[in-house]
2 protein chains.
Amino acid sequence: MEGKKYHHGDLKNALVEAGLEILEESGLPGLSLRAIATRVGVSHTAPKNHFGSLRGLMTAIGTEGFRRHSAFMREGLTEAATRADRLDAAMSGYVRFAEAHPHLFELMFSPLYCDLRDETLGAAARDSYAVLSEISEGLDWPGAEGPDRQRRTEMMLWSLVHGYAQLAKAGQFVGGDDGRPAHSILSVMPRFGYGG
Amino acid sequence: MEGKKYHHGDLKNALVEAGLEILEESGLPGLSLRAIATRVGVSHTAPKNHFGSLRGLMTAIGTEGFRRHSAFMREGLTEAATRADRLDAAMSGYVRFAEAHPHLFELMFSPLYCDLRDETLGAAARDSYAVLSEISEGLDWPGAEGPDRQRRTEMMLWSLVHGYAQLAKAGQFVGGDDGRPAHSILSVMPRFGYGG
DNA sequence: CTCACATATTTCCAGTGTAAATATTTTGCT
DNA sequence: AGCAAAATATTTACACTGGAAATATGTGAG
């Protein structure tokens, strides 16, 4: 089914890859149907057969984004000794991804570009969320007690790290003369412990 | 200088207001130079004299957005008795604004639409940040000790509330069958105290 | 009254996404 | 094998976008 003997062969994947490249080079404004198609060498209406619309193609790009995002989060996870180290590694990975691929990060979380209810994208996003969920287990923080503790812990960590990534990307945390934030996510994240 | 006796009279303000209306009705994709101009009753190139480009007009819209944003944050502030109540009020206001005006909120924080280095916008944004800054003073949280404590406390609270608002807006926190989040910002915000 | 200037319009252009009709290739069936 | 059907890609056309340039109109100072 995923053959390689059509006109182009593997247009579907080629379009996603071309889109990712353009995103790195020119950002979201450069990510046009015509630019993507031209890069692959097909007409600008060719993507319609595979993705329906630009939004569909962007959703596929976002899906690949979530896969890489989850890879970033898991990166330092294996060599982390303690649970606290694992937490730090996952959170750092989250931010590192946003800093390394700001435009892709923007695309992934914006309903303007991505269909967040898409099943394939949802699966990739849940895989990313799974890391955050595992990290959240048993975390102690003032206010944690109460209904839906696990879910609220996930929401707390996710909000914190996502907000940091978003604001850092928007340049709201710039410190010195270089464009980088004055403080890392780790120095802004409360040091909670794991109990029970 | 801000007279009312030209062709239109007060085009500059009229354009911003029309833009805000369109934003509420049709969201960011509907916010085109031509749509705004048509609503006011002028040609689509008229805004150029006042704002230079669509980006300039959007920056002005974002500036007005920050003014309203800061008003939301200050809303419940006067009737708050304790410092903890003031913190809750400000954070709730932040999120209420994002929920009430999601498209404007998106525009305000995205470099794609707003020139965040604009001086007027910067002033309005700083006024909003001032509330957060005041709320942050003396807040105790594990990890607060160290260099730049005040700034890091602001970053911590801002990241948390901004991330919550962003993710809630993207529908990542939906709980039941209605589209609303399952938990409020207050039930997700660690209960720190004020010491020293 | 006239000149200078600010303001707004008209016209034009290079882009954009998408729909419809057409062309081409691959696949399935007999 | 051959032929029909389906998948894939192109061509063409259209309504829309923001912006540049030239033109028109109104305002205010001398």
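Chain A is the first sequence line, chain B the second, and so forth, proteins listed ahead of strands; every chain is numbered from 1. Reckoned from all heavy atoms, side chains included, excluding hydrogens, waters and symmetry mates. This is a predicted model, so every value here is computed, not measured.
The list of salt bridge (Lys or Arg N to Asp or Glu O under 4.0 Å) pairs with a residue in residues 49-66 of chain A, not counting sequence neighbours, reads A/Glu64-A/Arg67, A/Glu64-A/Arg68. Pairs passing the salt bridge (Lys or Arg N to Asp or Glu O under 4.0 Å) check and including a residue from residues 40-52 of chain A, sequence neighbours excluded, do not occur. Annotation: salt bridge (Lys or Arg N to Asp or Glu O under 4.0 Å) contacts involving residues 25-36 of chain A, sequence neighbours excluded, comprise A/Glu25-A/Arg39. Residue pairs meeting the salt bridge (Lys or Arg N to Asp or Glu O under 4.0 Å) criterion with at least one partner in residues 99-117 of chain A, sequence neighbours excluded, are A/Glu99-A/Arg180, A/Glu106-A/Lys169, A/Asp115-A/Arg117.
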Could you go through residues 145-155 of chain A and list every donor-acceptor pair under 3.5 Å that involves a side-chain atom there, pairing it with any protein atom two or more places apart or in another chain?
from	atom 1	to	atom 2	distance (Å)
A/Asp148	OD2	B/His183	NE2	2.8
A/Arg149	NH2	A/Leu139	O	3.0
A/Arg149	NH2	A/Asp140	OD1	2.6
A/Gln150	NE2	A/Ser133	O	3.1
A/Gln150	NE2	A/Glu154	OE2	2.7
A/Arg151	NH1	A/Tyr129	OH	2.6
A/Arg151	NH2	B/Gln172	O	3.2
A/Arg152	NE	A/Pro147	O	2.8
A/Arg152	NH1	A/Gly143	O	3.1
A/Arg152	NH1	B/Ser187	O	2.9
A/Arg152	NH2	A/Ala144	O	2.7
A/Arg152	NH2	A/Glu145	O	3.4
A/Arg152	NH2	A/Pro147	O	3.2
A/Thr153	OG1	A/Trp141	NE1	3.1
A/Thr153	OG1	A/Arg149	O	2.8
A/Glu154	OE1	A/Tyr129	OH	2.5
A/Glu154	OE2	A/Ser133	OG	2.7

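For B/Phe66, the ring pair (Phe, Tyr, Trp, His ring centres under 6.0 Å) test picks out B/Phe109, with sequence neighbours left out. Remark: A/Ala14 engages A/His8, A/Val40 in a side chain to side chain contact (heavy atoms under 4.5 Å, CB included) (not counting sequence neighbours). For the ring pair (Phe, Tyr, Trp, His ring centres under 6.0 Å) test, residues two or more places apart in sequence or in another chain that qualify with A/His101 are A/Phe72, A/Phe97. Remark: A/Glu134 engages A/Arg86 in a side chain to side chain contact (heavy atoms under 4.5 Å, CB included) (not counting sequence neighbours).
Rounded to whole Å, atom C1' of C/dA8 lies 15 Å from atom CG of B/Asp10. What separates CG of B/Leu11 from P of D/dG26 is a distance of 15 Å, to the nearest Å. Remark: C1' of C/dT18 and CG of A/Leu57 are 14 Å apart, rounded to the nearest angstrom. When rounded to the nearest whole Å, the span between CE of A/Met58 and C1' of C/dG17 equals 11 Å.
Minimum atom distance to the side chain of A/Ser53 is reached by C/dT18, of the listed C/dT18, D/dT10, C/dT11. Ranking C/dA8, D/dA9, C/dT9 by closeness to the A/Asn49 side chain, first place goes to D/dA9.
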Atom pairs, N/O to N/O, protein against nucleotides 13-17 of chain D, distance under 3.5 Å?
from	atom 1	to	atom 2	distance (Å)
D/dT17	OP1	B/Ser32	OG	3.1

Determine whether B/His162 and A/Tyr164 satisfy the following criterion, side chain to side chain donor-acceptor pair (under 3.5 Å), listing intermediate values before the conclusion.
CA-CA 8 Å; B/His162 189 80; A/Tyr164 178 92; over 6 Å; no

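Near DNA chain C, meaning a heavy atom under 4.0 Å away, there are no residues from residues 106-120 of chain A. Looking at residues 16-28 of chain B, you'll see that no heavy atom sits under 4.0 Å from any atom of DNA chain D.
Counting atom types as modelled, A/Thr45 pairs a side-chain N or O with a base atom of D/dT11 as donor and acceptor under 3.5 Å.
Contact annotation: A/Lys48 does not reach the phosphate of C/dT18 (side-chain N/O to OP1 or OP2, under 4.0 Å). Proximity of B/His50 to the phosphate of C/dA6: no side-chain N or O atom is located under 4.0 Å from OP1 or OP2.
Across all non-hydrogen atoms, the minimal contact from B/Ala90 to B/Ile135 is CB-CG1, 4.0 Å.
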